[in-house]
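Everything below concerns the one structure shown next.
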Amino acid sequence: MTVRTRFAPSPTGFLHIGGARTALFSWAYAKKHGGQFILRIEDTDVARSTPAAVQAIMDGMHWLGLDYDEGPFYQMQRMETYKKVLQSMLDAGTAYYCYSSKAELEALREAQTLAGEKPKYDGKWRPEVGKLLPAIPADVKPVIRFKNPQTGVVAWDDLVKGRIEIANSEMDDLIIARADGTPTYNFCVVVDDFEMGITQVIRGDDHVNNTPRQINMLMALGATIPQYAHLSMILGGDSQKLSKRHGAVSVMQYHEDGYLPEAVLNYLARLGWSHGDAEIFNRQQFCEWFDLAHITPSAAQFNTEKLNWLNAHYIKEANIDALASDITTRLASMSIEVTLQPKLQDVLGLYRERANNLNQLANDIVYFYARPQANVADVDKHLTPDIKPILLELADSLSTIEWKAETIHHEINELVTKHALKFPKIAMPLRVILCGIAQSPSIDQVMALLGQQETLARIRLALKA
RNA sequence: GUCCCCAUCGUCUAGAGGCCUAGGACACCUCCCUUUCACGGAGGCGACCGGGGUUCGAAUCCCCGUGGGGUCGCCA
């Protein structure tokens, strides 16, 4: 049987880190087994679903490179199917109409909670042999409930958590169609997973409690039960649950924040899954290695430091032209236009090893394309009066040499020797003048890239002030 | 409260009864490299939640406790 997995988000917001990981694992599992990965949009909550959210989810998946083989399927476009199945269950007696009103149900719940009981539907309208049902109230539109078995247990071997058993007595008859006739989540999932031939349901931990109900419905429909794998949740850096209100951000936010998709993907893969001591692996390698057996059943805390480390790695590895293109965009958003000289690729060659973030990288190299505002503290510390004449001397000698890092280095060394100084005594003020701050790569290489004319101009301008 | 799930360094994790004096990675600390800051290299610090069992032997299996989380919607 070919593997078929799905990612089934509800379009009520962006694709956040937890959803992205669920999608990633489902996708990888399908890839690993040569199967199909299906995208299904669960939009039956009409009030909260938006097209913008659908787009945001697809954007996030695209950025991470999670392509789907089928879909997107929209549940709202599958109403006919659901209605048909609903009717068949009604006919088969595995579902029934319930005329308890919302208010009635609410009162029931309240009373049960007050009595310290687990809130459950009381089965008022559940048909039983020999049971007399109440008179149908004229003013209530009925919902449809699934007739859940009342005895025995539902069990499945969760691919992540192992065997899970839940007693049917713990469950009540859930509503599968609202009073307006529209089907509800648990029902749609069951019908879709069945009809789409899903073989492995890989989803969040929060669905564990839905699983026995879904299995019961699947059985009522005579369907084969898929395998289930429940992924534990991702916690924020403060070990608190990630939610819209607390720390959950769109995966696209990571793009904006200067992360490479390769880094985010690698990081997410390693969060709750492992392959021995492997830490760094690309998309393809991950697909080859991925298995459900090595997923951790416990929750994992998000750690930005490690993401940064991976990001640094992928920045070093990135194709230089692709990197240049990305950085050009980021510089443009700072109103910095990249000129032909110095060549951005060369500048990045000098700087990429020092960066763990694309925004930081862009920010660090701005001075190549715009004269920097020198940091005052650095000026005071390094551009001391005694060094100014020597720098002027340097500017003069530099004006006649062949412009290469080696020759520049040679000239500085000459001066260092002549005045019996240490190299940094000259290098540091040069950094301040040329870069605006006292930290930079090798100063001769910086000068070589910056160009003779611009370098000398900046030095002379600074000394005049 | 109910039911369900989870529990190894600060964090992510390896670990399928002896290979564990518990391994790797991030972070942190020290040293080296060095022209500053990074990068890189070499070291270091640092954990099996507690208690009972089972076993010749338990991080690993079982039970209890504790702690954390999820769930109990005409939301998904």
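Naming: A, B, ... by sequence-line order, numbering from 1 per chain.
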Starting at [atom1] of [X] and ending at [atom2] of [N], how long is that distance when rounded to a whole Å?
X       : N      : atom1 : atom2 : value
L350(A) : U36(B) : CG    : C1'   : 14 Å
N266(A) : A25(B) : CG    : C1'   : 11 Å
Q439(A) : C39(B) : CD    : C1'   : 15 Å
D444(A) : U34(B) : CG    : C1'   : 13 Å
R48(A)  : G73(B) : CZ    : C1'   : 11 Å
E110(A) : G1(B)  : CD    : C1'   : 16 Å
E279(A) : A25(B) : CD    : C1'   : 4 Å
I365(A) : A38(B) : CD1   : C1'   : 16 Å

Check every strand shown and say whether [X] touches a base, only sugar-phosphate, or nothing at a heavy-atom separation below 4.0 Å.
X       : result
T182(A) : nothing
L271(A) : sugar-phosphate
S100(A) : base
G204(A) : nothing
E117(A) : nothing
T296(A) : sugar-phosphate

Distance check, [atom1] atoms only: [N] and [M], in whole angstrom units.
N      : M      : atom1 : result
A47(B) : A42(B) : P     : 24 Å
A14(B) : C74(B) : C1'   : 47 Å
A38(B) : C29(B) : P     : 11 Å
U54(B) : G70(B) : P     : 37 Å
G23(B) : G1(B)  : C1'   : 43 Å
A27(B) : G44(B) : C1'   : 14 Å
A7(B)  : C12(B) : C1'   : 15 Å
G73(B) : C9(B)  : C1'   : 42 Å

Treating [X] as the side-chain partner and [Y] as the backbone partner, does any N or O pair qualify as donor plus acceptor under 3.5 Å?
X       : Y       : value
T407(A) : W403(A) : no
S440(A) : I443(A) : no
T211(A) : H207(A) : yes
R352(A) : I315(A) : yes

Among [options], the nucleotide that comes nearest once only the side chain of [X] is considered:
X       : options                : result
I164(A) : C74(B), A76(B), C5(B)  : C5(B)
I175(A) : C74(B), A76(B), C3(B)  : C74(B)
S274(A) : U35(B), A14(B), C6(B)  : A14(B)
I166(A) : C5(B), C3(B), C74(B)   : C3(B)
Q301(A) : U11(B), U35(B), C74(B) : U11(B)

Set of salt bridge (charged side-chain N to carboxylate O under 4.0 Å, His left out) partners for [X], sequence neighbours left out:
X       : result
D386(A) : K425(A)
D157(A) : R163(A)
R178(A) : none

Contacts of [X] that satisfy side-chain contact (heavy atoms from CB on, under 4.5 Å) - sequence neighbours left out:
X       : answer
T296(A) : S298(A)
A395(A) : L456(A), I459(A), R460(A)
P134(A) : K124(A), W125(A)

At less than 3.5 Å, do the side-chain atoms of [X] and the base atoms of [N] form a donor-acceptor pair?
X       : N      : result
E353(A) : G40(B) : no
H275(A) : U13(B) : no
R431(A) : U35(B) : yes

Next item on the list: May I ask you to list the residues of residues 302-319 of chain A, by number, that have any heavy atom positioned under 4.0 Å from an atom of RNA chain B?
Entry: N303(A), E305(A), K306(A), W309(A), K316(A)
Checklist line | Residues touching RNA chain B, which here means a heavy atom under 4.0 Å, drawn from residues 372-383 of chain A | finding: none
Margin query: So, does S442(A) get its side chain near the phosphate of U35(B), meaning an N or O under 4.0 Å from OP1 or OP2?
Written below: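 Answer is no, no contact under 4.0 Å.
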Next item on the list: Establish, with yes or no, whether the OP1 or OP2 oxygen of C75(B) is under 4.0 angstrom from a side-chain nitrogen or oxygen of T184(A).
Entry: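 Result: no.
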Got a list of protein N/O to nucleotides 66-72 of chain B N/O distances below 3.5 Å?
residue	atom	partner	partner atom	Å
G70(B)	N2	N209(A)	ND2	3.4
U71(B)	O4'	N209(A)	ND2	3.2
C72(B)	O2'	P119(A)	O	2.9

Margin query: For H409(A) and S298(A), find the nucleotide of RNA chain B closest to each by heavy atoms; which residue's nucleotide sits nearer the 5' end?
Written below: S298(A)
Note to self: Return whichever of P441(A) or A300(A) has its heavy-atom-nearest nucleotide of RNA chain B closer to the 5' end.
What the structure shows: A300(A)
Next item on the list: Hey, could you give me each pair passing ring-ring contact (aromatic ring centres under 6.0 Å, His included) that has a residue in residues 258-280 of chain A? Not counting sequence neighbours.
Entry: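 Qualifying pairs, neighbours excluded: Y254(A)-Y259(A), Y267(A)-F302(A), W273(A)-F281(A), W273(A)-F286(A), W273(A)-F290(A), H275(A)-W289(A).
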Item checked: Sequence neighbours excluded - ring-ring contact (aromatic ring centres under 6.0 Å, His included) pairs with any residue from residues 404-426 of chain A -> H409(A)-F423(A)
Notebook entry, point to check: Which one of L39(A), V189(A), D192(A) satisfies the side-chain contact (heavy atoms from CB on, under 4.5 Å) criterion with R6(A)?
Noted result: V189(A)
Next item on the list: Could you tell me whether R40(A) sits above the aromatic face of F7(A), with NZ or CZ closer than 6.0 angstrom to the six-membered ring centre and within 45 degrees of the axis?
Entry: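 That pair does not qualify as a cation-pi contact.
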Next item on the list: Sorted by first residue and then second, give each side-chain hydrogen bond (donor to acceptor under 3.5 Å, both in side chains) pair with at least one member in residues 17-27 of chain A; sequence neighbours left out.
Entry: W27(A)-D67(A)
Check: Across all strands shown, which nucleotide pairs with C26(B) by Watson-Crick or G-U wobble geometry, both distances under 3.5 Å?
Finding: G10(B)
Checklist line | Counterpart base for U71(B), defined by Watson-Crick or G-U wobble contacts under 3.5 Å | finding: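 In the structure as shown, U71(B) has no Watson-Crick or wobble partner.
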